[in-house]
Amino acid sequence: MSITINPSIAQENTLTERTNLAPTTESWNGLYLKLRLSDKWFWYQENHYRRRNSSDNRADFVGRMSQVYNRFGLTYLIADNFEVTFGPTLVWNYTPDPENSEFVNTTLEPRIWHQWLLTQNVGRVKVLHQFRFEHRYKRDNSIGSDYLYTNRYRYKITAYIPLNKPRMENKTLFLAPSNEIFFETGNHIINILEENRVYTAIGYTHNNFMFFGGHMWTYGPTSTPGTFRNRHIIRLNLMYTLDLRNKRRPVIKARDLKF
């Protein structure tokens, strides 16, 4: 009896094993704040605390610090279903190896960001189209490394699916699947495709609070050509909205939901 091996299949399996790194894990916790200042203007803010797996355990989610992430912005409501936001972002990136003396513990990554947000109703489902643009100054954690400038382009589509109500309103249990794709350009960028993120969240609205969380899977190239990474991330978040135009108790509106 003879055994025949298809060379193309063997080569494909070898290539897959060689280029796809083992999955890593992270935990992201976020606070979102949206304050309505006038009929047209909002203050928008995000604060994130992010951890990643230990260097010797890819499945523990919280073994090392990853980032402290702060985004701020002013939002202008052009129409009920279309708004633009712009502002600064400050990110502290932590060292990938705390025991390595050649790395500084944290580096500061400043950004300027702006975005367009378009909302549409598809039956009882609220769909958001988010176009975000980021201008970043970033360095790695090696001692003496230089800052490099890049432009990042992001598109995310999110569906808010109410489970216990006919539409998104107060005391709504909802499901929110989303997909976001990232592109990046710069003099040192080899692959403009940075990452793809698939996130499924479940949440609940209560008065002016929204609680939501779930699992996110990401996939994209690393700094080594031909090598790709993927991550499993648990996300837990709280969003608070407040209308400062008068003293009425605020009510969450679907157009105010953004994450």
Side-chain angles (χ1 to χ4, degrees), residues 28-50 66-93 106-120 126-138 147 149-160 168 176 178-186 194-195 197 199 201 203 205 208-213 216 233 235-246 250-259:
W28 293 7
N29 300 284
L31 174 65
Y32 296 76
L33 176 67
K34 193 168 186 181
L35 305 177
R36 188 159 196 172
L37 307 175
S38 68
D39 290 346
K40 291 292 187 179
W41 289 97
F42 295 80
W43 170 261
Y44 180 73
Q45 179 176 331
E46 298 177 19
N47 303 99
H48 298 265
Y49 177 79
R50 299 177 177 178
S66 177
Q67 290 180 319
V68 173
Y69 194 109
N70 303 282
R71 175 182 285 123
F72 310 95
L74 286 172
T75 296
Y76 183 74
L77 190 65
I78 295 178
D80 282 348
N81 67 336
F82 182 61
E83 64 184 45
V84 295
T85 305
F86 57 92
T89 302
L90 293 175
V91 182
W92 279 267
N93 295 304
T106 61
T107 61
L108 177 63
E109 179 187 337
R111 307 177 186 175
I112 298 295
W113 72 288
H114 47 102
Q115 76 173 23
W116 313 328
L117 184 67
L118 177 66
T119 306
Q120 66 176 148
K126 182 72 64 175
V127 178
L128 271 63
H129 302 274
Q130 177 181 285
F131 302 85
R132 180 172 291 178
F133 313 93
E134 297 175 319
H135 313 289
R136 309 195 297 175
Y137 293 89
K138 185 177 181 180
Y147 275 92
Y149 175 77
T150 62
N151 291 304
R152 189 196 235 180
Y153 313 93
R154 306 166 56 170
Y155 169 70
K156 179 168 69 172
I157 182 170
T158 306
Y160 292 92
M168 289 297 297
S178 67
N179 187 65
E180 185 170 19
I181 189 167
F182 294 68
F183 297 95
E184 188 176 26
T185 60
E194 182 184 5
E195 190 169 66
R197 297 179 181 177
Y199 178 39
T205 63
N208 52 331
F209 288 94
M210 177 196 290
F211 310 89
F212 57 96
M216 183 168 73
I233 301 171
R235 298 185 62 177
L236 300 174
N237 302 283
L238 170 65
M239 185 173 187
Y240 179 72
T241 63
L242 186 63
D243 192 336
L244 299 178
R245 292 175 298 174
N246 52 48
V251 177
I252 292 179
K253 296 184 178 180
R255 69 183 180 218
D256 296 339
L257 305 178
K258 178 177 68 171
F259 59 86

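Quantities reported herein were computed from a predicted structural model and do not represent experimental measurements.
If you take CD1 on I112 and CG on N151, they are separated by 12.0 Å, rounding to the nearest 0.5 Å. Atoms OH and CG, from Y69 and N93 in turn, are 10.0 Å apart once rounded to the nearest 0.5 Å. We find the NZ-CE distance between K34 and M210 to be 10.0 Å, quoted to the nearest 0.5 Å. In this structure, Q130 CD and L118 CG are separated by 11.5 Å, a value rounded to the nearest 0.5 Å. Note that the CG atom of N179 and the CE atom of M216 stand 11.0 Å from one another [nearest 0.5 Å]. For the atom pair CZ (F209) and OG1 (T241), the distance works out to 9.0 Å, reported to the nearest 0.5 Å.
Looking at every heavy atom in both residues, W92 comes nearest to N70 through CZ3-ND2, 3.6 Å. Nearest heavy atom pair, residue L244 against residue L35, reads CD1-CB, 4.2 Å. Closest approach of K40 and I78 over heavy atoms only: NZ-O, 3.6 Å. Closest heavy-atom contact between S178 and T158: CB-OG1, 3.4 Å.
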Determine, step by step, whether W113 and F133 satisfy the ring-ring contact (aromatic ring centres under 6.0 Å, His included) criterion, reporting the C-alpha distance in whole Å, the side-chain angles of both residues, the deciding distance to 0.1 Å, and the verdict. CA-CA 6 Å; W113 72 288; F133 313 93; over 10 Å; no
D39/L77 under side chain to side chain contact (heavy atoms under 4.5 Å, CB included): CA gap, chis, key distance, verdict: CA-CA 8 Å; D39 290 346; L77 190 65; over 6 Å; no
Evaluate side chain to side chain contact (heavy atoms under 4.5 Å, CB included) for Y147 paired with E109, printing each intermediate quantity in order. CA-CA 9 Å; Y147 275 92; E109 179 187 337; 5.7 Å; no
How far apart are the C-alpha atoms of L33 and F72, what are their side-chain angles, what is the distance that settles it, and do they pass the side chain to side chain contact (heavy atoms under 4.5 Å, CB included) test? CA-CA 9 Å; L33 176 67; F72 310 95; over 6 Å; no
Intermediate values then yes/no, side chain to side chain contact (heavy atoms under 4.5 Å, CB included), H114 and V84: CA-CA 7 Å; H114 47 102; V84 295; over 6 Å; no
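The environment of W41 atom CH2 is dense: over 12 non-hydrogen atoms of other residues, nucleotides or ligands sit within 6.0 angstrom.
The shortest distance between side-chain heavy atoms of F131 and Q115 does not fall below 4.5 Å. Contact of the R152 side chain with the E195 side chain is not registered, since no non-hydrogen atoms from C-beta on lie closer than 4.5 Å. Side-chain contact check for N47 versus Q45: some heavy-atom pair is nearer than 4.5 Å. Contact check for R111 versus V91: side-chain heavy atoms found under the 4.5 Å cut-off. A 4.5 Å side-chain heavy-atom check between N81 and Q120 finds every atom pair outside the cut-off. Counting only heavy atoms from C-beta outward, the side chains of N237 and M239 never approach each other to under 4.5 Å. Between L74 and W43 there is a side-chain heavy-atom pair separated by less than 4.5 Å. A 4.5 Å side-chain heavy-atom check between E46 and T89 finds every atom pair outside the cut-off.
Under the 4.0 Å criterion applied to side-chain N and carboxylate O atoms, R71 and E134 are assigned as salt-bridge partners. One finds a salt bridge joining R136 and E194 here, because a Lys/Arg side-chain nitrogen approaches an Asp/Glu carboxylate oxygen to under 4.0 Å. Salt bridge status for R132 with E180: absent, with no side-chain N to carboxylate O gap under 4.0 Å.
Using the six-membered ring where Trp is involved, H48 and Y32 have ring planes that are perpendicular, over 60° apart on the 30 and 60° scheme.
With sequence neighbours excluded, the residues forming a side-chain contact (heavy atoms from CB on, under 4.5 Å) with F183 are Y153, I181, I192, L193, listed by chain and number. Here N29 pairs with S27, Y49, L236 under the side-chain contact (heavy atoms from CB on, under 4.5 Å) rule; sequence neighbours left out.
Taking the centre and axis of the six-membered ring of Y160, the NZ or CZ atom of K126 falls outside the cone set by 45° and 6.0 Å.
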